[in-house]
Protein chains: 2
Amino acid sequence: MTQDYYQYPRHLVAVDCIIFGFDGENLKILLVERNFEPKMGEWSLMGGFIGDNETSDEAAQRVLNTLTGLENIYLEQLNCYTEIHREPTARIMSISYYALINIEKNIQINEKYSAKWFDLQNFPTLIFDHNEMVKDAVLRLRRRASTRPIGFELLSEKFTMKDLQNLYEAIFNEQYDKRNFISKINALDILIKTEEKDMTSSKKGSYLYRFDEDKYKKKLAEGFMFKI
Amino acid sequence: MTQDYYQYPRHLVAVDCIIFGFDGENLKILLVERNFEPKMGEWSLMGGFIGDNETSDEAAQRVLNTLTGLENIYLEQLNCYTEIHREPTARIMSISYYALINIEKNIQINEKYSAKWFDLQNFPTLIFDHNEMVKDAVLRLRRRASTRPIGFELLSEKFTMKDLQNLYEAIFNEQYDKRNFISKINALDILIKTEEKDMTSSKKGSYLYRFDEDKYKKKLAEGFMFKI
DNA sequence: GCAAAAGTGTTACCCGTACACCCATGC
DNA sequence: GCATGGGTGTACGGGTAACACTTTTGC
């Protein structure tokens, strides 16, 4: 006996991307203005349907690449939303992904889409269940950021301690003591202090650091746990 | 301009359930022997296709109900697996769910399915990507168990401290000091100590406890965080 | 009376947190 | 020389982890 697949319904399945960025002070989210019905003109997450010859991960990368031109973006699958009437015109399941991108690298946003960075503390109401998706994504971002060194995806290759602290303060929406934060980071021992200084923020200048990915991986293999 | 949904492919979407149980000593997983091709006779997770008029959550509950007769099972969505050739005969996406059930309550497993409880430390190789699903589910179970009082789903309504400790030792695959464990649990202050004793395990007998869900919810609302 | 599991407190160490002053430089 | 942000060390307290003996009772 072989199972007959023709008796089972088939579904439209999309991906929707929650794209996070960081401008040095605040967490940002990249939204697009819909240029088709339904809900044309309203703000939404960037999304697209999953094709026959791509996985959902690939679909999400494709969607992001179409919008930003970037490749190999940090991307993680979140949830699958399957409410029957989550979209009014058809039953569409959607797998949400969150992406972390460095705003500075992201020079050219495809003009075909009216996309805009919004402050995560203050962005418009989105279509369908996209607000729920964003809420879930923020929670996941916080969880991940506390146990994995994903914050560096949001920064440039070189950054100051102040940048890093600002980033974590934005992610967790909390203020930290400078001395405690720095000694915590130094205790992790996964940064390289360069000889260079960032002179834009002060007269003294502040040292630039890089994330030492090789060292991190080595320590991981030895049982090290990132924790912040 | 309206988007034309007919141009997009439709997909078979299934749910697969990782069903955890606890026998007082070890974590168990409920597996079924496939009675249809492909891979007939091999062990797999219990699954089923998502219908047109049900959400994935509902499909997972339906699948579990079909197998065990139980209703309102603790269930959480895990991941969506979308590799194109994850099943050999057709492209099928699968949303995995993990379920926690009390083995003792689960008196009648549907005889239509050859289902069997296996020790989580020692169960057969499963079909397709089901082993990966189980691995992911165990990790999620550990994360959840450390921050939510989900362990009680796996125990009977009344349980001894020893039961609880055995459960957490099984989940985290670690040994704990009895005194430290008990004082940690007592500090949480979310259990009710009953007058009854379980006399089966010793001559002295050990007190039975119940999870105080109302108290837990009240404390949650006041900012309490479960942590173990 | 003895075997077998239940139940119970104290101490030491570590980590997290609070906290304030000097440094380097451009203007 | 002064204003601005950068960089550094210590002390205290709370919580976690290590640790052993007494109690109960059925046989």
Side-chain angles (χ1 to χ4, degrees), chain A residues 23-26 142 145-147 155-156 158-210 219 223-228, chain B residues 23-26 142 145-147 155-156 158-210 219 223-228:
Chain A
D23 67 359
E25 288 297 327
N26 294 297
R142 284 188 186 149
S146 67
T147 56
L155 297 171
S156 299
K158 292 172 187 167
F159 49 85
T160 66
M161 280 289 183
K162 182 77 176 152
D163 292 334
L164 194 59
Q165 183 174 347
N166 283 343
L167 171 61
Y168 279 99
E169 289 180 342
I171 292 175
F172 294 107
N173 203 20
E174 282 185 47
Q175 296 301 112
Y176 302 119
D177 178 87
K178 179 170 56 160
R179 288 159 291 188
N180 291 339
F181 182 81
I182 291 176
S183 47
K184 208 178 209 173
I185 296 292
N186 283 333
L188 293 174
D189 189 28
I190 52 173
L191 294 189
I192 297 168
K193 185 176 190 170
T194 70
E195 300 294 309
E196 298 167 70
K197 284 190 162 193
D198 167 37
M199 303 306 294
T200 61
S201 63
S202 79
K203 290 149 191 172
K204 188 177 176 184
S206 53
Y207 282 106
L208 291 167
Y209 291 79
R210 281 191 296 116
K219 296 186 73 159
F224 169 74
M225 281 290 245
F226 180 91
K227 188 91 191 74
I228 205 159
Chain B
D23 67 358
E25 289 296 326
N26 294 296
R142 285 188 187 149
S146 67
T147 56
L155 297 170
S156 299
K158 293 173 187 166
F159 49 86
T160 65
M161 280 288 183
K162 181 80 176 149
D163 291 334
L164 194 59
Q165 183 173 348
N166 283 343
L167 171 61
Y168 279 99
E169 288 180 341
I171 291 176
F172 294 107
N173 204 21
E174 281 184 50
Q175 296 300 112
Y176 302 119
D177 178 87
K178 179 169 56 161
R179 286 158 292 185
N180 290 338
F181 182 81
I182 290 175
S183 46
K184 208 176 208 174
I185 296 292
N186 283 333
L188 292 174
D189 189 29
I190 51 174
L191 294 189
I192 296 167
K193 184 176 190 170
T194 70
E195 300 293 310
E196 299 167 68
K197 283 190 164 194
D198 166 37
M199 302 308 292
T200 62
S201 63
S202 77
K203 289 147 190 171
K204 190 178 176 184
S206 53
Y207 281 106
L208 290 168
Y209 292 79
R210 280 190 298 116
K219 296 186 73 157
F224 169 75
M225 281 289 244
F226 180 91
K227 187 89 191 76
I228 206 159

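What you see below is based on every heavy atom in this structure, not just the backbone, and it leaves out hydrogens, waters and symmetry mates. Order of the sequence lines sets the chain letters (A, B, ...), proteins ahead of strands, with each chain counted from 1.
- Near DNA chain C, defined here as any heavy-atom distance below 4.0 Å, the residues from residues 194-204 of chain B are B:S201, B:S202, B:K204, listed numerically.
- Within the 4.5 Å cutoff, the side chain of A:R210 has heavy atoms near those of the A:T194 side chain.
- The neighbour count for A:M199 CE, taken as heavy atoms of other residues, nucleotides or ligands under 6.0 Å away, is above 12.
- Applying the side-chain hydrogen bond (donor to acceptor under 3.5 Å, both in side chains) test to B:D163 and every residue at least two apart in sequence or in another chain returns B:T160.
- Shown for residues 162-189 of chain A: residues whose heavy atoms fall under 4.0 angstrom of DNA chain C, namely A:D177, A:R179, A:N180.
- Not counting sequence neighbours, the partners of A:E169 by the side-chain hydrogen bond (donor to acceptor under 3.5 Å, both in side chains) test are A:Q165.
- Annotation: salt bridge (charged side-chain N to carboxylate O under 4.0 Å, His left out) contacts of B:K178 (sequence neighbours excluded): none.
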Detail all sub-3.5 Å separations between protein N/O atoms and N/O atoms belonging to nucleotides 11-15 of chain C.
none

Show me the side-chain donor-acceptor pairs of residues 180-188 of chain A shorter than 3.5 Å, one per line, residues at least two apart or across chains.
unit_1, atom_1, unit_2, atom_2, d
A:S183, OG, A:R179, O, 2.9
A:S183, OG, A:N180, O, 3.2
A:N186, ND2, A:I182, O, 3.4

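- With sequence neighbours left out, B:S156 forms a side chain to side chain contact (heavy atoms under 4.5 Å, CB included) with B:N102, B:E104.
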Enumerate, atom names and distances included, each donor-acceptor pair closer than 3.5 Å involving a side-chain atom of residues 201-209 of chain B, sequence neighbours excluded.
unit_1, atom_1, unit_2, atom_2, d
B:S202, OG, B:K204, N, 3.4
B:S202, OG, B:G205, N, 2.9

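- For residues 191-200 of chain B, the pairs satisfying salt bridge (charged side-chain N to carboxylate O under 4.0 Å, His left out) are B:K158-B:E196, with sequence neighbours left out.
- Contacts of B:Y168 classified as ring-ring contact (aromatic ring centres under 6.0 Å, His included), with partners at least two apart in sequence or in another chain: none.
- Judged by closest nucleotide on DNA chain C, B:T160 is the one of B:T160 and A:K227 placed further toward the 5' end.
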